[in-house]
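To start, the structure under review is shown below, and the notes come after it.
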There are 2 protein chains.
Amino acid sequence: MPKLGAEPIRKAALINAAIDQVGSAGTLDVTVAQIARAAGVSPALAHHYFGSKDQIFLAAMRHIMSNFGESVLLGLPGTSGRRRLAVIVSASFGAPNFRHEVVSAWLNFYALSLVNDEAARLLKVYHRRLRSNLIVALRPVSDRPEAVAETLGALIDGVYLRAALSHAPTNGFAAVRMVNDYLDEVLT
Amino acid sequence: MPKLGAEPIRKAALINAAIDQVGSAGTLDVTVAQIARAAGVSPALAHHYFGSKDQIFLAAMRHIMSNFGESVLLGLPGTSGRRRLAVIVSASFGAPNFRHEVVSAWLNFYALSLVNDEAARLLKVYHRRLRSNLIVALRPVSDRPEAVAETLGALIDGVYLRAALSHAPTNGFAAVRMVNDYLDEVLT
DNA sequence: TCTTTAATTGACCACTCAATCAACAAACCG
DNA sequence: CGGTTTGTTGATTGAGTGGTCAATTAAAGA
């Protein structure tokens, strides 16, 4: 009997290893061998399951994005008005999504999306969803939800960027405070 | 001796070629040979003048940064109050500094600075200078200049990021409007 | 049959090196 | 002195070299 059901376990291990290695190295120039070693498998297996190095990293980013989506979905029900915004903001800067390796992976993903079509598509979908979530949440509390959503989106990206660049440990609280300050200022 | 004084000309050509190639390819993974060809010289000469591929790109970023500094210095004298802020914002999103290749080079520079100490130092200096400029300009018009400078800096970075990611041509006007809207909202 | 690996390959690229080229000036000459 | 030669040196390049790594292959292990 073959070790049945190994695939999802190996894949998950490789995805986590990829986030970890890329995030802590700060670059996509980690070798497949490094990622595989960190996941406890051989480089060939990584290719077997994902087909290419790019696909490993794209799967990792999909994983990060779906984590974020879950955080939001988990917090939203039963909230309304200004609270809904706070939920999205908190999810953005909450512990699992705002770890240093993750933020660093995001930065590299941004750069990759200039070059890799699939990354660009993925990012576009993510941005659209975030924007739409923000607009819906803003509609009851702002008289120009689209414009604020745009600015808010840019601000969140900027805070992520600066968190990635900072050598200090990420500070979710400060980030949340900054963004909420902006919202308090701008909301009618 | 050969044509004397070739060095600064070649260096400038290489720097421009580097911005162009890296910016339009969207990645640092352009070969030295590509950059050299675009500058009309041999790869060996590029190494002769700059020592390494990284140094070529770092010189290119220094050039971009000093362009930005000049834009600011050119606009500041004789202005005060809210106007000073507008000058810095305009310089950020003005034609020479907000071209698509330049913005794209910035994104790659951010990613590089996670890995390359010299890039990190350079970026730190730049950020500190920008922050200090912003605080000085904010002091007369805001009751919490540091906090606003932080947010404003993040917002500008975010707008840059989104401009880099967008395939559409960069729109300096829209960027300036967004940032100025924020300022109008937040200033007392 | 599904999973896993060791071993290998093939391509690519940063960087080096030895050699050539071209311009200027000092030395030399008639 | 005008002209010619020659030494010096910055500028420039073609042709490697060494090393890296993604991806493939073939075969073992469960």
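These numbers were taken from a predicted model, which means no experiment stands behind them. Order of the sequence lines sets the chain letters (A, B, ...), proteins ahead of strands, with each chain counted from 1.
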Task: Test side chain to side chain contact (heavy atoms under 4.5 Å, CB included) applied to Thr151(B) and Tyr182(B), step by step - done: CA-CA 10 Å; Thr151(B) 306; Tyr182(B) 161 70; 3.4 Å; yes
Task: Rounded interatomic separation in angstrom, taking CD from Gln21(A) and C1' from dC21(D) - done: 16 Å
Open item on the list: Could you tell me how far apart Phe50(B) (CZ) and dT12(D) (C1') are, to the nearest whole angstrom?
Closed with: 15 Å
- [ ] May I have the distance from His48(A) (atom NE2) to dA27(D) (atom P), rounded to whole angstrom?
- [x] 18 Å
Task: Cluster overlap Tyr126(B) with Val87(B), hydrophobic side-chain contacts below 4.5 Å - done: yes
Open item on the list: Nearest to the Ala44(B) side chain among dC17(C), dT4(C), dC15(C), which nucleotide is it?
Closed with: dC17(C)
- [ ] Return the nearest nucleotide to the side chain of Tyr49(B); candidates are dA11(D), dT25(D), dT3(C).
- [x] dA11(D)
TODO: Kindly say whether the aromatic ring centers of Phe173(B) and Phe93(B) come within a distance under 6.0 Å.
DONE: no
Open item on the list: Please check if the number of heavy atoms outside Arg83(B) that lie under 6.0 Å from its CZ is greater than 12.
Closed with: no
- [ ] Please determine, for the side chain of Ser42(B), which listed nucleotide (dT5(C), dA22(D), dT13(D)) has the closest atom?
- [x] dT13(D)
Task: Contact list for DNA chain C against residues 29-37 of chain B - heavy-atom distance below 4.0 Å - done: Val30(B), Thr31(B), Val32(B)
TODO: Flag yes if Ile135(A) and Ile156(A) sit in one hydrophobic cluster, no otherwise; membership is Ile, Leu, Val, Met, Phe, Trp, Tyr, and two members link when side-chain heavy atoms are under 4.5 Å apart.
DONE: no
Open item on the list: Could you tell me how far apart Lys11(B) (NZ) and dT12(D) (C1') are, to the nearest whole angstrom?
Closed with: 16 Å
Open item on the list: I need the NE2-P distance between His47(B) and dG18(D), as an integer number of Å.
Closed with: 17 Å
Open item on the list: It should be established whether Arg10(B) places a side-chain nitrogen or oxygen under 4.0 Å from OP1 or OP2 of nucleotide dG10(D).
Closed with: no
- [ ] Using whole Å, report how far CG of Leu45(A) lies from C1' of dT25(D).
- [x] 15 Å
Table please: side-chain donor-acceptor pairs of residues 26-35 of chain A below 3.5 Å, with sequence neighbours left out.
from, atom 1, to, atom 2, distance (Å)
Thr27(A), OG1, Asp29(A), N, 3.0
Thr31(A), OG1, Ala33(A), N, 3.4
Thr31(A), OG1, Gln34(A), N, 3.0

TODO: Measure the distance from CG on Leu14(B) to P on dA11(D) and round it to the nearest whole Å.
DONE: 13 Å
Task: Check: Val89(B) and Leu183(B) side chains under 4.5 Å, non-hydrogen atoms - done: yes
